[in-house]
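Some notes on the structure that comes next.
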There are 2 protein chains.
Amino acid sequence: MSESHARSSQSSRVRELIKGSGLRCTPARQAVLGFLSRTGRPLAHSEIAKARGPAKLDRVTLYRTLAVLEDSGLVHRVQDSDGSWRFCAHVPVKKGCPGNHAHFQCTRCGEMQCLASQALPWIPVPDGALVIGKQFLICGLCPSCAATRAARKK
Amino acid sequence: MSESHARSSQSSRVRELIKGSGLRCTPARQAVLGFLSRTGRPLAHSEIAKARGPAKLDRVTLYRTLAVLEDSGLVHRVQDSDGSWRFCAHVPVKKGCPGNHAHFQCTRCGEMQCLASQALPWIPVPDGALVIGKQFLICGLCPSCAATRAARKK
DNA sequence: GGTTAGATGCAACACAGTTGCATCTAGCCG
DNA sequence: CGGCTAGATGCAACTGTGTTGCATCTAACC
Ligand SMILES: [Mn+2]
Ligand SMILES: [Mn+2]
Ligand SMILES: [Zn+2]
Ligand SMILES: [Zn+2]
């Protein structure tokens with residue numbers, strides 16, 4: 001399968017996902033969802049904005065696009081260690097999953113990744129309280145940054 | 001023990017804590033740490049600012065005061081569900097604890113509380129990664145808000 | 001093609017948090 | 001005590017994220 005074929009079949013999959021959620025299939029939505037799927041890890045608004053060089057879309061449009069994709073469950077939203085949001089394309093195969101896993105963020109390079117292999121643990125809450133959502137963020141050094149630091153120390 | 005006696009012995013404990021951490025014992029630090037200890041749950045910067053009616057201190061001073069108290073381990077910092085920070089007086093009896101527990105926040109009234117009875121669970125991270133810190137936030141309805149909603153539905 | 005609900009772009013705003021600098025003061029020492 | 005000084009405070013200006021209102025444009029439907 002050629003590169004360009006792969007690329008185009010992937011973008012048609014993106015179009016299907018968008019239409020399948022009952023959304024209008026606009027260039028902004030295709031570009032954003034496509035980029036998030038290709039990248040695979042949670043990206044900040046600013047990273048997504050930078051990434052699409054020429055065909056820039058408006059800041060506000062990007063915020064609204066991400067909100068819409070999230071409402072449809074095509075994307076999940078994760079809190080960054082400094083309080084801003086990151087967005088990650090959701091693999092819709094796993095039912096009921098959008099975000100029911102921990103995330104790891106490197107304090108040095110800032111990269112974040114989903115720790116999707118394990119569901120979030122149960123923690124007891126006060127009697128009578130009703131749990132709606134949970135988020136677990138683990139901060140530290142990613143393998144590559146940890147290796148760099150270890151090498152410098154030697 | 002009289003009310004005023006309790007109040008004054010409590011504020012002398014606050015002074016001890018501050019001095020014991022090698023910090024200069026200023027009115028701002030006493031007021032902020034005192035208020036956080038009395039309240040006992042994680043408070044937003046804005047809540048702390050509002051609380052001290054007349055003797056208001058500058059926004060920036062409050063930020064810096066909280067940062068200093070956190071550095072000394074007298075206070076721990078928790079991320080709110082909307083990304084801003086909350087601060088909670090740390091009980092220094094429990095060694096190594098400042099924040100190694102989950103927090104619960106009510107999505108309706110906004111109140112947050114420490115779920116300090118249980119330590120944070122261990123979650124596997126990528127090979128070679130180095131964990132520095134973790135935060136677990138559980139969102140939902142607090143007992144009183146849940147009860148209110150249940151009553152209205154009936 | 002024409003119609004229109006809904007998507008986009010732009011300007012203005014709200015709010016958390018930070019930085020630089022001038023002024024003040026807690027703690028120390030004579 | 002009464003100065004001295006490192007460090008604390010106050011003020012102004014700034015950054016970055018995210019939101020709202022409104023005019024304009026367009027994807028999807030016929
Ligand atoms: Mn994730
Ligand atoms: Mn806590
Ligand atoms: Zn890294
Ligand atoms: Zn509540």
Check: Of all the choices, dG9(C), dC11(D), dG27(C), which nucleotide is nearest to the side chain of V60(B) once you look at every atom?
Finding: dC11(D)
Next item on the list: Can you tell me the distance, in whole Å, between the CZ atom of R86(B) and the C1' atom of dC15(C)?
Entry: 15 Å
Notebook entry, point to check: Rounding to a whole Å, what distance do you find between Q79(A):CD and dT17(D):C1'?
Noted result: 13 Å
Notebook entry, point to check: Of the nucleotides dT9(D), dT20(D), dA7(C), which one has an atom closest to the side chain of A28(B)?
Noted result: dT9(D)
Margin query: How many whole angstroms separate atom CZ of R15(B) from atom C1' of dA26(C)?
Written below: 14 Å
Margin query: So if I take every side-chain heavy atom of R59(A) and compare against dA16(C), dG18(D), dT8(C), which nucleotide ends up nearest?
Written below: dG18(D)
Next item on the list: Applying side chain to side chain contact (heavy atoms under 4.5 Å, CB included), run through Q79(B) and W85(B) and close with a yes or a no.
Entry: CA-CA 5 Å; Q79(B) 229 177 34; W85(B) 294 106; 3.8 Å; yes
Margin query: So R29(A), base contact, sugar-phosphate only, or nothing? Heavy-atom distance under 4.0 Å.
Written below: sugar-phosphate
Notebook entry, point to check: Are any of W85(B)'s side-chain N or O atoms less than 4.0 Å away from OP1 or OP2 of dA16(C)?
Noted result: no
Notebook entry, point to check: From dA11(C), dA26(C), dA27(D), pick the nucleotide closest to the side chain of P27(B)?
Noted result: dA26(C)
Check: Atom CG of D80(B) to atom C1' of dG17(C): distance rounded to whole Å?
Finding: 14 Å
Next item on the list: Between H45(B) and T26(B), just flag the one whose closest nucleotide in DNA chain C comes earlier from the 5' side.
Entry: H45(B)
Check: How long is the gap from CD1 on I48(B) to OH on Y63(B), to the nearest 0.5 Å?
Finding: 10.0 Å
Notebook entry, point to check: Taking OP1 and OP2 of dA8(D), is either one under 4.0 Å from a side-chain nitrogen or oxygen of T65(B)?
Noted result: no
Next item on the list: Rounded off to whole Å, could you give me the OH-to-P distance for the Y63(B) and dT19(C) pair?
Entry: 13 Å
Check: So do the side chains of P42(B) and C114(B) get within less than 4.5 Å of each other, counting heavy atoms only?
Finding: yes
Notebook entry, point to check: From R29(B) CZ over to T61(B) OG1, what is the distance, rounded to the nearest 0.5 angstrom?
Noted result: 10.0 Å
Check: Relative to each other, are the rings of F136(B) and F136(A) parallel, tilted or perpendicular (30° and 60° limits)?
Finding: parallel
Note to self: Rounded to whole Å, please give me the gap between CG in D58(A) and C1' in dT24(D).
What the structure shows: 13 Å
Item checked: Length of the CZ-P vector between R77(A) and dG18(D), whole Å -> 8 Å
Item checked: Gap between atoms CG and P, on D71(A) and dA7(C) respectively (whole Å) -> 11 Å
Check: Counting any heavy atom closer than 4.0 Å, what does S84(B) reach on the DNA or RNA strands: base, sugar-phosphate only, or nothing?
Finding: sugar-phosphate
Notebook entry, point to check: Counting side-chain heavy atoms from C-beta on, which of dT8(C), dT9(D), dA28(D) comes nearest to R64(B)?
Noted result: dT9(D)
Next item on the list: Find which nucleotide of DNA chain C each of T61(A) and G83(B) is nearest to by heavy atoms, and output the residue with the more 5' nucleotide.
Entry: T61(A)
